[in-house]
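Remember, it's a predicted structure, so these values are computed and weren't measured experimentally. Reminder, nothing fancy here: chain letters follow the sequence lines and each chain counts from 1.
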Amino acid sequence: MADKFLIIDGSSLIHRAFFALPPLTTRKGQHTGAVYGFLRMFHKLLQDVKPRWVAAAFDKSRITFRTKLYADYKGQRKPTPPELKEQFPLCMEVLRSMGVPALELDDYEADDIIGTFAKKLDPGLEVFIVTGDRDELQLIDDRTRVMYTKKGISDIKLYDKESFAADYEGLAPLQLIDLKGLMGDTSDNIPGVPGVGPKTALKLIAEYGSVENVIAHVEEVKGKSLKEKLVNNKEQALLSKELATIYTEVPGLDLTLDTYALKPLEGKTRQMMADLEFRGFFNQFGQIMGLASDVESSVAGGTSAESAEPAIKSAVSGNAAGNMEDLFVATADNRNTRNAGPETAPVPDDGMGSLFGAPVPAVRAKEIGFASQWQEVAAEIDADPSAMVWFMAETAGEIPHLRFEAARVLCGDREYLVSGSEALASFTGWLAEAPNPKGTADSKEVFRTCFCQGVEPQNIIEDIVLGAYLDDPGRSSYALADIAWHYLGQDREPDCHTLACVAEAVKQALLDKELTQLYKEIELPLIPVLARMELAGVVADEKKLDALSRDMAGKLARLEDLAKEQAGDPGFNPNSPKQLGVVLFEKLGLPVVKKTKTGYSTDVKVLEELRGKHPLVDTILQYRVLAKLQSTYLEGLKPLINRTTGRIHTHFQQTVTVTGRLSSTDPNLQNIPTRTETGREIRALFIPGKGYDWLLSCDYSQIELRILAHVSQDSLMLESFRENQDVHARTASEVFGVPLDLVSHEMRGRAKAVNFGIVYGISDFGLAVQLGCSRKEAGEFIDNYLSRYKGVKEYMERMKTLARSQGYVMTLLGRRRYLPDINNRNFNLRSFAERTAINTPIQGTAADIMKLAMLRVDAALRKSGLSSRVLLQVHDELVLEVKEAEREATAALLQTEMQNAFKLDVPLLAEVNYGKDWASAK
DNA sequence: CACCTCCGT
DNA sequence: AGCTAACGGAGGTGT
């Protein structure tokens with residue numbers, strides 16, 4: 001095989017790494033997340049491609065040669081965040097210290113440098129280009145392949161001529177420039193032909209081969225408007241093609257191969273990695289690139305305990321488990337209390353996770369296709385009832401007919417691949433019977449599926465996705481592959497082996513952080529409860545929904561006509577904020593109240609101010625309210641009514657919010673309208689299902705403020721709740737200095753806003769906006785409040801100090817949230833982290849308590865033998881459907897369990913209401 | 001896909 | 001000097 005030359009598009013990859021990975025800073029505040037991600041990727045590439053030579057290319061400035069040509073094009077590049085900008089030179093420095101030339105030129109982009117390499121290098125070499133920029137696919141030829149990071153930094157697709165053709169309708173790589181000529185590329189300031197998107201462009205180029213040929217045959221093109229566009233914009237198309245073309249004749253590049261040969265690492269690289277706090281990284285690269293003599297001797301001599309030891313360890317185990325975790329945790333976590341990470345998972349090198357397509361596992365899984373085969377396997381597994389079983393199941397079908405479609409099972413070193421309906425049915429039953437402890441990745445789906453099959457899984461003692469979420473709820477993804485990347489520092493297939501390896505790391509992290517109890521006693525047991533709620537679903541009265549929707553459609557049509565008339569434009573779209581902005585502020589000349597990033601703001605607040613200046617404003621306000629209700633809650637709900645059950649089955653997400661709350665999707669049933677009259681009509685569509693008579697709702701009263709009273713131990717607040725006062729009125733009385741019985745409605749309203757503000761981590765500005773008063777006035781309210789509620793003030797300070805010193809805050813049940821920006825030099829980021837430090841313990845504890853309550857309610861209902869069932873959770877409210885005969889018993893049970901879910905230093909109050917629909921259960 | 005707007009706790 | 005109340009999901013427009 002020919003020797004390989006690897007060319008790295010440094011600019012695009014660092015960019016990718018920056019957005020794909022969590023931010024990371026050194027103790028000194030140097031941002032290193034993108035450099036870290038880049039190096040991680042580089043390491044992987046060295047492993048997988050095994051190049052003999054490596055070069056990296058960078059853009060010198062963001063606006064360069066080709067884009068300059070069209071610098072006056074209306075679009076502008078988004079500004080590069082400073083945290084990212086500072087990492088480019090850093091990365092080049094690291095690469096150069098490793099002996100990898102990092103090239104940048106004044107007049108050429110990284111693309112051009114790469115293109116020139118690709119074309120000018122000795123034709124006997126194999127060339128690999130790695131990039132996050134699709135443009136570079138045009139460089140593919142017989143010996144040049146492009147590794148394109150499809151998403152994030154780990155999902156890499158290797159393109160050669162064939163795979164390019166497969167993705168681009170049989171086009172040759174170079175025809176990409178023709179495609180760009182027509183469709184343009186906003187991110188590169190390439191205009192293309194307006195109105196021609198990827199689909200049309202692909203069709204045209206597939207047919208005509210090039211932009212020039214499309215223009216030559218423009219008369220044959222079907223579609224009048226398309227033809228017109230092409231004719232009117234032919235110069236622009238040709239220019240766009242030119243802009244998209246990578247220049248491959250960059251002069252003055254050093255093409256001597258020796259310059260790019262990989263060399264052993266020197267001490268300076270080790271120093272640099274240490275400065276960046278990339279512990280362990282140096283040794284990983286060292287294993288591939290070798291070490292120069294100055295480093296080897298120091299390792300052998302054991303002068304540097306920090307790096308020498310891991311070098312030996314990872315050399316022995318042949319993997320880098322734990323390093324990744326160390327690195328990420330180093331920024332956000334409490335560095336003092338963490339123990340050393342590397343003893344996490346033994347990661348067998350099974351050859352998985354190659355960048356090049358499906359890897360072959362070391363040991364093939366045994367395929368199980370018949371029930372009898374599974375029975376044999378089950379007997380083997382059950383022979384040791386303490387043996388841990390890891391499994392991953394794929395499900396198919398819809399509620400109430402969910403079923404498993406395939407399952408992978410790992411027990412010890414035996415792995416099975418179960419398929420076929422009989423074998424899977426047997427497997428499903430086994431989940432409910434086997435004594436073995438089991439672990440998986442998304443157990444809610446397992447429970448849902450098993451419940452549909454009439455069985456209840458037993459001894460599911462691990463859900464790794466959930467565990468990873470508790471370890472750090474702020475991550476952007478909890479897909480198994482991403483979790484594996486995080487904990488193991490490797491690209492891994494999301495399979496049982498990965499699951500088992502990651503599990504060790506996750507379990508250890510939870511132990512270290514004292515999260516195991518929250519995990520085992522609350523979050524895991526909650527899963528089947530959520531699964532039952534989802535399967536139960538809730539009935540929306542479809543007839544009324546249709547009627548309401550028709551009614552609404554009529555009103556909307558009339559308002560739309562009116563709006564068009566008032567705007568003086570029959571093409572006016574009242575749904576378009578952009579068009580509205582033009583009409584209001586340019587055509588009608590109304591004063592601009594507020595601007596958004598991209599234009600005029602037309603939100604409610606703005607329109608309210610403009611009310612009376614033009615009749616259109618009022619029309620739009622009315623239109624907006626109805627349009628929202630119509631599209632989101634009427635038309636939006638319709639397709640989500642299950643055709644079999646006739647009910648709406650939302651999905652409760654347990655690993656989304658940073659504070660520990662649940663979220664609800666498809667549809668979101670946690671934001672059904674309630675405030676306006678029309679809104680309540682929508683809420684009233686939700687009714688008890690067949691066999692039930694009432695919707696019963698129980699909600700916590702002021703739970704967040706009660707938690708604030710508890711955690712702050714503020715004497716006024718404690719007293720207020722212990723005496724069951726109206727807190728907002730009491731606050732008004734304190735802040736405005738009037739006796740409780742003289743508090744006016746308005747004063748109470750303002751005090752209420754202040755109380756909310758406190759919970760959110762108040763600012764005078766925010767409160768002023770909320771109250772519609774001056775900032776000064778708002779500031780005085782706050783000062784007044786804090787001088788009366790001293791304990792609250794101390795609490796706020798305490799949380800900020802705590803966050804600053806340990807890097808995270810906790811809820812009462814120990815749930816953590818990391819605040820990496822708490823010491824950031826950027827005022828806005830720091831302030832945000834400070835407000836979060838105040839809010840999260842409150843909001844998160846409320847979420848904890850609600851979860852406890854759900855477990856208690858679920859258990860108590862089952863024990864009681866009542867047929868009432870929980871359908872929905874809306875943060876501080878549970879909604880159940882109940883039979884008339886069980887109404888009072890259920891209400892009593894519900895209230896008791898909710899109020900006693902957790903012991904605070906003030907009483908927890910929960911109020912029950914019931915009705916024939918959700919609106920009247922209030 | 002980013003942005004705006006708006007629904008809830 | 002400038003920007004600021006916490007946590008979410010969804011629909012629509014326009015690139």
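- In this structure, the CD atom of A:Q579 is 14 Å from the P atom of B:dT5, given to the nearest Å.
- At the heavy-atom level, A:T840 lies nowhere under 4.0 Å from the strands shown.
- If you measure from atom CD of A:Q670 to atom C1' of C:dA10, you get 13 Å, rounded to the nearest angstrom.
- Proximity of A:N573 to the phosphate of C:dT13: a side-chain N or O atom is located under 4.0 Å from OP1 or OP2.
- At whole-Å resolution of the value, OH in A:Y760 and C1' in C:dG8 are 11 Å apart.
- No hydrogens or angles considered: a donor-acceptor pair under 3.5 Å links the side chains of A:S12 and A:T131.
- Side-chain proximity of A:P577 to C:dA10, B:dT5, C:dA5: nearest is B:dT5.
- Among the atoms of the strands shown, only primed sugar atoms or phosphate atoms (P, OP1, OP2) are found under 4.0 Å from some heavy atom of A:T657.
- Aromatic ring pairs are classed by plane angle as parallel below 30°, tilted from 30° to 60° and perpendicular above 60°; the pair A:Y785 and A:Y789 is parallel.
- Between A:K578 and the phosphate of C:dG12, there is no side-chain N or O to OP1/OP2 separation shorter than 4.0 Å.
- Heavy atoms of A:V759 sit nowhere under 4.0 angstrom from any nucleic acid atom.
- When rounded to the nearest whole Å, the span between CZ of A:R624 and C1' of C:dG12 equals 11 Å.
- Of the candidate nucleotides C:dG2, B:dG8, C:dA10, C:dG2 has the atom lying nearest to any side-chain atom of A:F827.
- Base engagement by A:A753 is indicated by at least one non-hydrogen atom pair under 4.0 Å involving a base atom.
- Nearest nucleotide to the side chain of A:T674, out of B:dC3, C:dG9, B:dT9: B:dT9.
- Ring geometry, A:Y600 versus A:F585: the interplanar angle falls from 30° to 60°, so the pair is classed tilted.
- Nucleic acid contact class of A:N671 (heavy atoms, under 4.0 Å, all strands): base.
- The same atom, P, is picked in B:dC3 and in C:dT4; the two are 15 Å apart, to the nearest Å.
- Listed pair A:T602 / B:dC4 fails the phosphate criterion, with no side-chain N or O lying under 4.0 Å from OP1 or OP2.
- For the pair A:R817 and C:dC7, the criterion of a side-chain N or O lying under 4.0 Å from OP1 or OP2 is met.
- Among the atoms of the strands shown, none is found under 4.0 Å from any heavy atom of A:G761.
- Among the nucleotides C:dG8, C:dC3, C:dG14, the one closest to any side-chain atom of A:S576 is C:dG14.
- Among the nucleotides C:dC3, C:dA5, C:dG14, the one closest to the side chain of A:L767 is C:dA5.
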Begin from the C-alpha positions of A:E635 and A:S549 and carry the test side chain to side chain donor-acceptor pair (under 3.5 Å) through to its verdict. CA-CA 7 Å; A:E635 289 304 305; A:S549 178; 2.6 Å; yes

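- Comparing B:dA2 with C:dA5, their C1' atoms are spaced 24 Å from each other, to the whole Å.
- Counting distance only, with no hydrogens placed and no angle test, the side-chain atoms of A:R675 and the base atoms of B:dT9 include no donor-acceptor pair under 3.5 Å.
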Do A:Y818 and A:D471 pass the side chain to side chain donor-acceptor pair (under 3.5 Å) test, and can you show the C-alpha distance, the side-chain angles, and the key distance before you say yes or no? CA-CA 10 Å; A:Y818 291 97; A:D471 178 25; 5.0 Å; no

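- For the OP1/OP2 pair of C:dT4 and a distance below 4.0 Å, the side-chain nitrogens and oxygens of A:Q770 include no atom meeting the criterion.
- Of the candidate nucleotides C:dG12, C:dA6, B:dG8, C:dA6 has the atom lying nearest to any side-chain atom of A:F832.
- Distances shorter than 4.0 Å separate none of the side-chain N or O atoms of A:T598 from OP1 or OP2 on B:dA2.
- For C:dG9, one of the phosphate oxygens OP1 or OP2 lies less than 4.0 angstrom from a side-chain nitrogen or oxygen of A:S663.
- Ranking C:dG8, C:dA10, B:dG8 by closeness to the A:T632 side chain, first place goes to C:dA10.
- Backbone-only engagement by A:D603 is indicated by non-hydrogen atom pairs under 4.0 Å involving sugar-phosphate atoms exclusively.
- Counting non-hydrogen atoms under 4.0 angstrom, A:V769 reaches nothing in the nucleic acid.
- A salt bridge links A:E780 to A:K776: one of the charged nitrogens lies within less than 4.0 Å of a carboxylate oxygen.
- Distance from the side chain of A:S631 is smallest to C:dG12 among C:dT4, C:dG12, B:dC7.
- Side-chain atoms of A:R835 and base atoms of C:dT4 include no donor and acceptor less than 3.5 Å apart.
- Atom P of nucleotide B:dT9 and atom NZ of A:K922 are separated by 7 Å, given to the nearest angstrom.
- What separates CG of A:L182 from C1' of C:dT15 is a distance of 17 Å, to the nearest Å.
- Proximity note for A:N575 (side chain, C-beta onward) versus C:dG14, B:dT5, C:dG12: the nearest is C:dG12.
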Apply side chain to side chain donor-acceptor pair (under 3.5 Å) to A:N828 and A:S831, showing your working. CA-CA 5 Å; A:N828 286 330; A:S831 305; 5.4 Å; no

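- Under the 4.5 Å side-chain criterion, counting only non-hydrogen atoms from C-beta, A:I687 is not in contact with A:K544.
- Between A:K597 atom NZ and B:dC4 atom P the separation is 6 Å, expressed in whole Å.
- Per the geometry, CG belonging to A:N826 stands 12 Å off P belonging to C:dT4, to the nearest Å.
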